[in-house]
Amino acid sequence: MKKVTVLGAGSWGTALAMVLAHNGHDVRLWSHRKDQANEINEQQTNDKYLPGIRLPDEITGYHELSLALDNADAVLFVVPTKAMRDVIKQAKEHLTSEQVLMHASKGIEPETHKRISEMIAEELGEPYGEKIVVLSGPSHAEEVALKQPTTVTVSSLQLSESEKAQDLFMNNVFRVYTNEDFIGVEIGGALKNIIALGAGISDGLGYGDNAKAALITRGLAEMAKLGVKLGATPLTFAGLTGIGDLIVTCTSQHSRNYRAGHMLGEGYNLPDVLDKMGMVVEGVRTTKAVHQLAEKEAVDMPITSGIYDLLFEGKDPRQVVDDLMQRGKTNELNALSVDFKN
Ligand SMILES: NC(=O)C1=CN([C@@H]2O[C@H](COP(=O)(O)OP(=O)(O)OC[C@H]3O[C@@H](n4cnc5c(N)ncnc54)[C@H](OP(=O)(O)O)[C@@H]3O)[C@@H](O)[C@H]2O)C=CC1
Ligand SMILES: O=C(CO)COP(=O)(O)O
């Protein structure tokens with residue numbers, strides 16, 4: 001049994017805390033809201049984020065960060081990307097380099113274009129940067145909390161750290177693979193949220209399965225193009241953190257990104273959509289970050305670019321689709337084929 005601290009008591013932090021608790025670990029679930037930590041301890045629930053679910057007794061809610069992190073064997077960061085730096089800074093003085101250090105969030109920082117592991121490494125310094133583990137893959141919190149079969153991938157620059165995370169989380173309904181392509185695993189999880197917004201928009205406009213299949217496959221192509229440019233292995237995009245997470249996010253009502261996109265397609269404006277969601281929609285900030293990053297890296301990402309115009313330039317969703325359909329002629333494997341041959 002290990003002492004594991006989960007920093008972030010939203011849907012995903014709570015569901016992953018449940019997996020760890022089912023594996024017999026002593027789990028401290030930290031919330032920045034005292035009332036939420038109290039609810040976890042007094043009622044064994046987190047009703048806003050996982051309604052109707054009773055949390056196992058092995059989970060204790062914490063509001064004091066120093067207490068939550070005291071003597072922890074492993075620490076999992078799982079707050080929205082927007083809050084990540086703030087939480088890392090608060091946690092820093094209570095961390096030790098012996099701990100297994102993990103994150104399970106999905107996003108890219110708009111101002112810096114950094115992945116979450118890069119943000120953590122930058123804030124915590126060298127000894128930590130080498131050993132951070134990312135956990136990603138097709139995994140809706142709602143299904144994980146119900147112990148429905150789920151597969152995810154863990155990755156780190158050090159395989160031994162990935163294996164420690166694999167041992168912490170793996171059980172007979174939560175299967176954990178390792179993958180040494182650290183960049184690819186993190187990029188796939190972040191970028192699929194942009195495409196999930198697109199799938200929702202398409203359905204919200206009333207377009208059919210053909211359009212959604214096109215978005216998923218051409219979306220995957222542009223995710224892989226940028227990922228490979230940044231140093232990822234192409235095949236990772238054919239795995240759980242690429243096509244796997246695209247499928248689960250682009251086709252499910254559980255996905256906040258898909259649902260937000262659906263409302264945008266129906267004609268709601270962005271502030272109203274985010275207000276109605278009440279939970280993080282990572283794809284919005286990630287679209288901004290990736291739009292800038294793609295320009296910097298000279299990678300053509302037409303779907304991301306169209307979604308950026310819709311979200312931030314007020315472009316009509318139908319016009320975005322029309323423009324995507326009427327781009328110049330091209331070859332399906334353009335830009336990808338060279339990298340796959342290497
Ligand atoms: N939900 C899912 O199924 C999955 C989510 N993820 C990823 O996990 C990450 C977290 O998402 P998720 O748990 O779903 O998000 P939710 O919107 O469900 O919850 C976010 C949590 O973070 C808290 N929070 C917000 N700001 C801060 C802050 N400054 N300091 C501390 N805590 C803060 C919120 O508190 P408050 O209630 O006060 O707002 C809330 O508890 C995201 O990157 C997401 O993409 C990955 C895989 C699956
Ligand atoms: O990442 C997820 C599933 O793998 C959850 O996606 P949403 O944030 O869109 O709900």
Side-chain angles (χ1 to χ4, degrees), residues 6-19 29-37 39-40 46-51 53 61-63 65 68 76-91 102-109 115-117 119 134-146 148 150-154 169 174 185-186 188-200 240-263 273-275 277-287 289:
V6 177
L7 299 176
S11 347
W12 195 217
T14 308
L16 287 175
M18 291 178 74
V19 175
L29 180 54
W30 173 80
S31 169
H32 71 148
R33 282 195 290 112
K34 193 167 188 184
D35 59 326
Q36 195 182 28
E39 182 197 333
I40 292 167
N46 183 1
D47 230 31
K48 175 173 178 198
Y49 290 106
L50 285 179
I53 298 285
Y62 280 81
H63 175 60
L65 199 53
L76 174 69
F77 288 90
V78 58
V79 288
T81 312
K82 193 177 176 181
M84 191 56 85
R85 274 193 199 267
D86 184 39
V87 173
I88 304 165
K89 282 183 178 133
Q90 291 178 55
M102 309 169 283
H103 88 80
S105 297
K106 294 176 178 172
I108 307 272
E109 193 173 41
R115 292 176 282 117
I116 289 163
S117 66
M119 292 160 60
V134 52
L135 183 152
S136 190
S139 48
H140 290 305
E142 296 83 349
E143 296 185 5
V144 170
L146 293 174
Q148 299 202 345
T150 299
T151 52
V152 296
T153 297
V154 288
F169 281 100
F174 196 81
V185 168
E186 223 174 2
L191 268 59
K192 62 85 188 173
N193 284 332
I194 304 173
I195 308 304
L197 280 170
L240 293 171
T241 58
I243 187 67
D245 214 352
L246 272 173
I247 292 170
V248 94
T249 322
C250 294
T251 63
S252 169
Q253 287 293 334
H254 287 313
S255 165
R256 286 84 46 96
N257 288 283
Y258 171 85
R259 279 188 278 140
H262 202 286
M263 284 190 255
V273 167
L274 295 181
D275 197 47
M277 291 304 301
M279 289 192 202
V280 67
V281 182
E282 288 278 23
V284 174
R285 289 176 93 245
T286 305
T287 300

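All ligand and atom numbering here is 1-based and tracks the order in the structure. Heavy atoms only: backbone and side chains are in, while hydrogens, waters and symmetry mates are out.
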I'd like to check which ligand 2 atoms, numbered from 1 as shown, lie under 4.0 Å from a non-hydrogen atom of [X].
| X | value |
| --- | --- |
| T249 | 6 (O), 9 (O) |
| S139 | 3 (C), 4 (O) |
| N257 | 7 (P), 8 (O), 9 (O) |
| V248 | 3 (C), 4 (O) |
| D245 | 3 (C), 4 (O) |
| K106 | 1 (O), 2 (C), 3 (C), 4 (O) |
| K192 | 1 (O), 2 (C), 5 (C), 6 (O) |

Provide the number and element of each atom of ligand 1 under 4.0 Å from a heavy atom of [X].
| X | value |
| --- | --- |
| H140 | 3 (O) |
| W30 | 31 (C) |
| D86 | 29 (N) |
| A83 | 26 (N), 27 (C), 28 (C), 29 (N) |
| A141 | 1 (N), 2 (C), 3 (O) |
| V280 | 11 (O), 15 (O), 17 (O) |
| G10 | 13 (O), 18 (O), 19 (O), 20 (C), 21 (C), 40 (C), 41 (O) |
| S139 | 3 (O), 47 (C), 48 (C) |

So, is [X] polar-close to ligand 1, with some N/O to N/O distance under 3.5 Å?
| X | result |
| --- | --- |
| R256 | yes |
| T81 | no |
| W12 | yes |

Using modelled atom types and a 3.5 Å cut-off, is there a donor and acceptor pairing between side-chain atoms of [X] and backbone atoms of [Y]?
| X | Y | result |
| --- | --- | --- |
| K106 | G137 | yes |
| D245 | K192 | no |
| W30 | H63 | yes |
| N193 | E282 | no |
| E143 | T150 | no |

Just to be sure I read this right, does ligand 1 sit under 4.0 Å from the backbone of [X], its side chain, both, or neither, counting only heavy atoms?
| X | answer |
| --- | --- |
| Y49 | side chain |
| T14 | neither |
| E282 | side chain |
| H254 | neither |
| S105 | both |
| A104 | backbone |
| M279 | both |

TODO: Provide, to 0.1 Å, the distance between atom 8 (O) of ligand 2 and the closest protein heavy atom, together with that atom's residue and name.
DONE: R256 NH2, 2.9 Å
Mind checking whether [X] and [Y] have side chains closer than 4.5 Å, heavy atoms only?
| X | Y | result |
| --- | --- | --- |
| V134 | S117 | no |
| F169 | V154 | no |
| V144 | M18 | no |

I'd like to know whether ligand 1 has [X] as a neighbour, heavy-atom separation below 4.0 Å.
| X | result |
| --- | --- |
| P80 | yes |
| K82 | no |
| S31 | no |

- [ ] Please assess T14 against L29 for the test side-chain contact (heavy atoms from CB on, under 4.5 Å), listing each intermediate value before the final yes or no.
- [x] CA-CA 7 Å; T14 308; L29 180 54; 3.9 Å; yes
Open item on the list: Between the side chains of E109 and R85, is the shortest nitrogen-to-carboxylate-oxygen separation below 4.0 Å, so that they form an ion pair?
Closed with: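 The answer is yes: the pair qualifies as a salt bridge.
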Taking the non-hydrogen atoms of [X], is any one of them nearer than 4.0 angstrom to ligand 2?
| X | result |
| --- | --- |
| H254 | yes |
| A196 | no |
| G137 | yes |

Open item on the list: I'd like to check whether S255 has a polar contact with ligand 2, where a contact means an N/O of the residue lying under 3.5 Å from an N/O of the ligand.
Closed with: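 Checking ligand 2 against S255, an N or O pair does fall under 3.5 Å apart.
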Open item on the list: I'd like to check whether V280 has a polar contact with ligand 2, where a contact means an N/O of the residue lying under 3.5 Å from an N/O of the ligand.
Closed with: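 No, V280 has no N/O under 3.5 Å of an N/O on ligand 2.
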TODO: Supply the atom-to-atom distance S105 OG to E186 CD, rounded to the nearest 0.5 angstrom.
DONE: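 With rounding to 0.5 Å, OG (S105) is 10.0 Å from CD (E186).
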Task: Chi angles and distances behind the side-chain contact (heavy atoms from CB on, under 4.5 Å) call for M263, M277 - done: CA-CA 10 Å; M263 284 190 255; M277 291 304 301; 3.5 Å; yes
TODO: Test H32 against V79 for side-chain contact (heavy atoms from CB on, under 4.5 Å), laying out the working first.
DONE: CA-CA 10 Å; H32 71 148; V79 288; over 6 Å; no
Measure across [X] and [Y] and return the closest heavy-atom pair with its distance rounded to 0.1 Å.
| X | Y | result |
| --- | --- | --- |
| L135 | W12 | CD2-CZ2, 4.1 Å |
| S31 | A37 | CB-N, 4.3 Å |
| A141 | S11 | CB-O, 3.4 Å |

- [ ] From atom 18 (O) of ligand 1, work out which of S255, S11, G278 has a heavy atom at the shortest distance.
- [x]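 The option holding the nearest heavy atom is S11.
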TODO: Starting from the C-alpha separation in whole Å, work towards a yes-or-no answer on side-chain contact (heavy atoms from CB on, under 4.5 Å) for L16 and V6.
DONE: CA-CA 8 Å; L16 287 175; V6 177; 5.6 Å; no
